[in-house]
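Read the structure below first, then the notes.
The chains referred to below are lettered A, B, ... by the order of the sequence lines, with proteins before strands, and numbering in each begins at 1.
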Amino acid sequence: MLNKIKDDLDELLAHKVISEETASAIASYYQYKENQSPSKLLIVFGVLGALLGGLGIILVFAHNWDNFSVGVKCVLSLLPLLLGQFLCGFTLFKKPASVAWSESSAVFLFFAVGASISLIAQTYHISGDFPTFVMTWMLLCLPLVYLMKSQVTSLLYLIGITVFCINKNYFHYPKIENYTYWLLLLGIIPNYYFLIKNQLKSNFTTLHHWFITISTTIGIGSLVNGNSNETLLIYVFVLLFSCFYLIGKLPLFSTLKITVNSYALVGKIGLLYLLFMQSFRWFWEDIENNKTNIQSVVFGVILVHFAIASYLLYQSISKKRTTFDNLIQYAFLALLLFFFVLQINLLAVVVLINFYLLLIGIQEISKGNTTNSLSRMNFGILIVAILITCRFFDTDMSFVIRGILFILVGIGFFALNYFMLRKKKQNGQ
Amino acid sequence: MDNKKLLFIGFFALVVAAQWFVPLQMITEQEDILNTGKLYKFKTAPVDPYDAFRGKYIYLNYANNEVKVTNNEKFTYDDDVFVQVKDSSGYALIQSVSKKEPNSGDYVKAKISYSNTNNYRKTVGVEYPFNRFYMNENKAQSAETAYAEANRIPTQSTYALVAVKKGKAVIKDVMINNTSIRVLAKNNRNSQK
């Protein structure tokens, strides 16, 4: 990067845009910055080396495993643990400033803990409970995130607790609600807060945004039991994605690039996905046929999310973070309205949702046009295209109605393109 | 050395201790059961040969895992229960099953795999926690074959040797006609070479 800056500085000097003194000051500043930040490549290779080394040791021992006595097996099982702790101790006392050492030793110890417990279990033929094993492993390694300041371990922890949640809640029959995942998630929040406060633009923070949004989306299922009906479940997800979207509009996140702002992106895509699902008649027919059973836990979850989403929406509009006419931010309120309309007429709900989706798509296109953002405009076109595709394959609609609707939308797009081209031509002149 | 550094070292020592506690506690518990628990032979049942070996272990299916419920307790799938066992003709036999921990005798903690307590049969099936026997992947293929074949022949005696103590159990070995499956698998492999 420094070489690129030096090339640019030479060009600016040649064209007398900046003086030699200014060029020298800029070059010194970037040199200083590069010296301060640790080599990312070194960290990556360090972590990979630790990962592969740890796994390799396990594979070598596994080959001759049956020939060892129980005592030898126990000692060998605990060796990686001892080595990992030694490396962490060495890092803490001798290399506290080295990010590469901290990350590598913490990751090695993370896997050593899991390997030790599973090897001991294998030695004594303990079948055990997989979710309990994962939970124990994660709890034993959580302190490493804070002791070693290891962000890779933090990400591995998030993967671990998500795996725990999936096995505990989704692969268990009968399905019961379970809050353990949320308690485990609380353990990593101080680290996440630290990252947001001090390293908002770092790659680790970006990865944490993504891991936490995906993990909590999966984890929300742990708050509902097998008796909850789909209506309430869908609304829980609509509220969750609405909260994500509105969190993404907070000043802390709204300045970030769209690929970094996982809350806004996951929220928006999640809401659109659910809305597309709800644009089919069969969805509402299913809801009409299922009686809504109010389950205390699900309803509590709905109320809490509704309160958070409403507060965020109010803040967003009052502090002008979003415009009043931003349609997707009202998705959770719109769905409430749709449930009420369902009591009157099913077809009206289906028409309303399709109209709502079409308006969202058109709004995206319009905003893309206003802000000269091609990607936003294309996103809007994609929304409308998916909607058209859904209706094309919607066997509940007659060919005639489909035909008329497509013609109308086609004329609309033709007109839109025509006026945009005319506008560009006029601006060009 | 300042207080902050002392606190830091203390926290690190605590983490290290916790990480050693879990595996060491597992070892001491299992060794205690193996050394001081009572040995029982749990007769194994035939298994689907394609299902017996899962990954790096043999799945053990047990015969005599159904029992008549004599008390008024209601059992449902996945309930945690205590299975009281006794020696009958050299093999472990279920005496009773209950949700309450017994005060005496030998018993094992298990789970209900099915329940017929709501009909006239009044029986439940139990799934023991010691249903896996880990083996080296190279030997497991021949071990699986020997195990599956032995279970299908009524005259062959196949059983898991299990140490039982206060609800907990540890598999010592899996035997076919009083020979360890590991020895049989090794001999099978050598004869194939």
Would a distance-only check, ignoring hydrogens and angles, find a side-chain to backbone donor-acceptor pair under 3.5 Å from Y157(A) to L184(A)? yes
Taking atom CZ of F93(A) as the centre, does the number of heavy atoms from other residues, nucleotides or ligands within less than 6.0 Å exceed 12? yes
Which bit of L139(A) is near chain B, if near means a heavy-atom gap under 4.5 Å: side chain, backbone, both or neither? neither
Which pairs would a plain distance check flag for residues 13-31 of chain B, meaning a side-chain donor or acceptor within less than 3.5 Å of a matching protein atom at least two apart in sequence or in another chain?
| unit_1 | atom_1 | unit_2 | atom_2 | d |
| --- | --- | --- | --- | --- |
| Q19(B) | OE1 | Q85(A) | NE2 | 3.0 |
| Q19(B) | NE2 | L140(A) | O | 3.0 |
| W20(B) | NE1 | Q85(A) | OE1 | 2.5 |
| T28(B) | OG1 | L24(B) | O | 3.0 |
| T28(B) | OG1 | Q25(B) | O | 3.1 |
| E29(B) | OE2 | K168(B) | NZ | 3.0 |
| E31(B) | OE2 | Y124(A) | OH | 2.5 |

What part of L109(A) lies closer than 4.5 angstrom to a heavy atom of chain B: side chain, backbone, both or neither? side chain
Looking at D129(A), I126(A), V113(A), which has the largest count of heavy-atom pairs under 4.5 Å with chain B? I126(A)
Residue part contacting chain B, namely of A121(A), when any heavy atom lies under 4.5 Å: both
Heavy-atom proximity to chain B below 4.5 Å, by part of S127(A): both
For Y128(B), side-chain hydrogen bond (donor to acceptor under 3.5 Å, both in side chains) partners two or more places apart: none
Give a yes or no answer on whether the side chain of W137(A) reaches the backbone of F110(A) with a donor-acceptor pair at less than 3.5 Å. yes
Chain B shares the most heavy-atom pairs under 4.5 Å, among T136(A), L82(A), L142(A), with L82(A)
